[in-house]
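Computed from a predicted structure; not experimentally measured.
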Amino acid sequence: MNNNLDKSFEKCTPKDYEELLLVINEAFMKEEDNWFVKHLPHIFPEVEHATSKEIANNRILKIDNKIVGCIGIYPLELETAYQGSKVNLTVGGIGTVCILKDYRNKGLMSFMLKETIKMMYDEGYDISWLIGDRLRYKNYGWDYSGRTCKFEIEYRQLVKLVDDTEKDIHLATIQDIPMLSSLYDNYENRVSRSTDNWEINLERSNIAIKCCNDDSGKGYMIYERENPKCILEIQGDSEHIESLLIKHMLDNELQEITVLHPYENSEVLSCLNRLASNLSINHCDQMNIINPEKLWDKLYPMIKEQCDKQNIDIANYEENDKRQLLEKIFAFDFFDRKDGDIRLEPINWWMSCIDKV
């Protein structure tokens, strides 16, 4: 990298926000004007509605006072469970990683990623999440982690397994938010969502939220409008889940669908497993441990209990030892375990695609 460049990497301010939106549109070669505001309003509000705090989530690279690159650090609160105990993790969701074409291959992306990790540490994040080129981001600490179940359901089999349970299914509105929020909280693994988050999701043009609610129960599902074969979320009792799936496949003339769900013991997972023709279990993209000491303190009681059973003393572990053990828990070394390695249960954390950045 040319260290003589007059560059800065800092939080975006309101005066730079409009320029940033133009830069990321160009960097990602979007033909539609203002693509990010239209398709990702949960992280890119309209200029007139964006708060200083929301804008500052975007870290901008300036050269000669011109924005040429960006990395977003979007704060998430991840609720998960480990060894029967609830764990809340602060997550730096990484998104909109880009640099303008004329400034690539100059070491600037590496500079931004290293600075971003320092920023997340200083701001108190436990871990960081992203989706992207694994072989690139692994060099900076991100790697496979988490668990997602992908159920494949065929219409020809579904109609044999499900009775006629047609419900009054409708597009969700603001009035449905209390029900949606209540059902969503049934996920053991999830990103925390406020009422504001639900309102934004209801307005998003790239997803649809369908729900049903009657005296016998309730349910909801979320899918991509451009790809209705992919169900991003589904919650509720078995009868309402079945009705949502059948109606969805009929309305969209689908012969098969894929339904995503966290790897956790639940009534919904049992229902989907009963209906599915196939199941695969995938990672939940890539994660990086940002603050091993802070993360260690949160997980120490559950780690110690497992190590005590294996007669392993971890009382005097140094930071590097702690990081290596935490990486095992987050399943970084899933394919690289050796004889004699400490065996600990993994954390099967998950986040819905609609929360991803």
Side-chain angles (χ1 to χ4, degrees), residues 39-40 42 76 78-81 91 93 95 129-132 134 144-155 157-158 161-162 169 172 180-181 183-193 197-198 201-202 204 206-212 219-238 240-249 251-252 254-287 330-331 334 346-357:
H39 295 270
L40 300 174
H42 61 304
L76 302 168
L78 183 67
E79 300 178 35
T80 187
V91 183
W129 169 93
L130 61 70
I131 183 170
R134 176 189 178 235
Y144 295 146
S145 186
R147 294 288 185 275
T148 298
C149 295
K150 298 177 72 173
F151 293 95
E152 296 176 15
I153 296 176
E154 298 179 328
Y155 181 77
Q157 299 291 353
L158 188 61
L161 296 170
V162 175
I169 297 170
L180 296 172
S181 181
L183 288 174
Y184 176 72
D185 287 347
N186 289 332
Y187 283 120
E188 184 176 71
N189 297 276
R190 64 186 185 274
V191 168
S192 299
R193 284 186 199 153
N197 294 143
W198 277 110
N201 286 330
L202 287 172
R204 289 171 64 176
N206 59 336
I207 60 173
I209 306 177
K210 293 282 187 71
C211 63
C212 49
Y220 81 86
M221 64 182 287
I222 304 178
Y223 62 91
E224 298 178 359
R225 290 185 184 273
E226 293 185 0
N227 180 23
K229 294 176 71 172
C230 184
I231 311 302
L232 308 176
E233 269 182 46
I234 193 162
Q235 269 292 350
D237 60 85
S238 295
H240 286 72
I241 285 174
E242 292 166 357
S243 185
L244 283 162
L245 293 175
I246 281 191
K247 185 71 161 56
H248 178 72
M249 296 183 81
D251 288 348
N252 292 278
L254 301 173
Q255 295 304 309
E256 60 183 15
I257 57 174
T258 298
V259 184
L260 306 181
H261 194 275
Y263 185 87
E264 62 187 31
N265 187 22
S266 69
E267 179 185 342
V268 176
L269 186 134
S270 297
C271 174
L272 294 173
N273 192 49
R274 176 172 55 83
L275 302 176
S277 301
N278 196 14
L279 163 66
S280 59
I281 300 173
N282 301 76
H283 57 80
C284 198
D285 306 313
Q286 299 153 56
M287 192 273 288
F330 283 93
F334 187 75
I347 289 183
N348 296 313
W349 67 270
W350 174 86
M351 70 168 72
S352 169
C353 290
I354 74 167
D355 296 308
K356 295 180 180 180
V357 295

How many angstroms lie between atom [atom1] of [X] and atom [atom2] of [Y], to the nearest 0.5 angstrom?
X	Y	atom1	atom2	result
M221	L183	CE	CG	13.5 Å
L158	E256	CG	CD	12.5 Å
E226	H39	CD	NE2	7.0 Å
N197	D355	CG	CG	7.5 Å
I257	F151	CD1	CZ	12.0 Å
H240	Q235	NE2	CD	13.5 Å

[Y] and [X], any side-chain heavy atoms less than 4.5 Å apart:
X	Y	result
R193	W198	yes
Y187	H261	yes
N348	P262	no
V191	V91	no

Tell me every residue that passes side chain to side chain donor-acceptor pair (under 3.5 Å) with [X], counting only those two or more places apart in sequence or in another chain.
X	result
S352	E233
S266	none
K247	D251
N273	none

Which atom names give the shortest non-hydrogen contact between [X] and [Y], and what distance separates them?
X	Y	value
L279	C149	CD1-CB, 3.9 Å
S238	R274	CB-NH2, 4.3 Å
A276	I153	CA-CG1, 4.0 Å
L76	G93	CD1-CA, 4.3 Å
I241	C271	CG2-SG, 4.0 Å

**Request:** Go through the steps for N189 and R147 under the test side-chain contact (heavy atoms from CB on, under 4.5 Å), then give the verdict.
**Result:** CA-CA 10 Å; N189 297 276; R147 294 288 185 275; over 6 Å; no
**Those residues that, when tested against R190, pass salt bridge (Lys or Arg N to Asp or Glu O under 4.0 Å) (two or more places apart)** =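 Salt bridge (Lys or Arg N to Asp or Glu O under 4.0 Å) check on R190 returns E79, D185.
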**Message:** According to salt bridge (Lys or Arg N to Asp or Glu O under 4.0 Å), who are the partners of E264, at least two apart in sequence or on a separate chain?
**Reply:**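 So E264 forms no salt bridge (Lys or Arg N to Asp or Glu O under 4.0 Å) with any residue.
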**Asked** Backbone N or O of I207 within a donor-acceptor pair of the R225 side chain at under 3.5 Å?
**Response**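 Side chain of R225 to backbone of I207: a pair is present.
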**Item:** Under 3.5 Å donor-acceptor, H248 side chain and L254 backbone
**Value:**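 Here the side-chain-to-backbone pair does not exist.
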**Request:** Could you list the residues that satisfy ring-ring contact (aromatic ring centres under 6.0 Å, His included) with H42, not counting sequence neighbours?
**Result:**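 Partners of H42 under the ring-ring contact (aromatic ring centres under 6.0 Å, His included) test: none.
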**Request:** Kindly state each residue pair satisfying salt bridge (Lys or Arg N to Asp or Glu O under 4.0 Å) with at least one member in residues 275-287, sequence neighbours excluded.
**Result:**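 Sorted result for residues 275-287: D285-K356.
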Residues which pass side chain to side chain contact (heavy atoms under 4.5 Å, CB included) with [X], listed by chain and number, not counting sequence neighbours:
X	value
N265	none
A172	D176, L180, L202, I209, C211
V357	I43, Y74, W129
T258	K150, E152, L260

**Request:** Starting from the C-alpha separation in whole Å, work towards a yes-or-no answer on side-chain contact (heavy atoms from CB on, under 4.5 Å) for L245 and V162.
**Result:** CA-CA 10 Å; L245 293 175; V162 175; over 6 Å; no
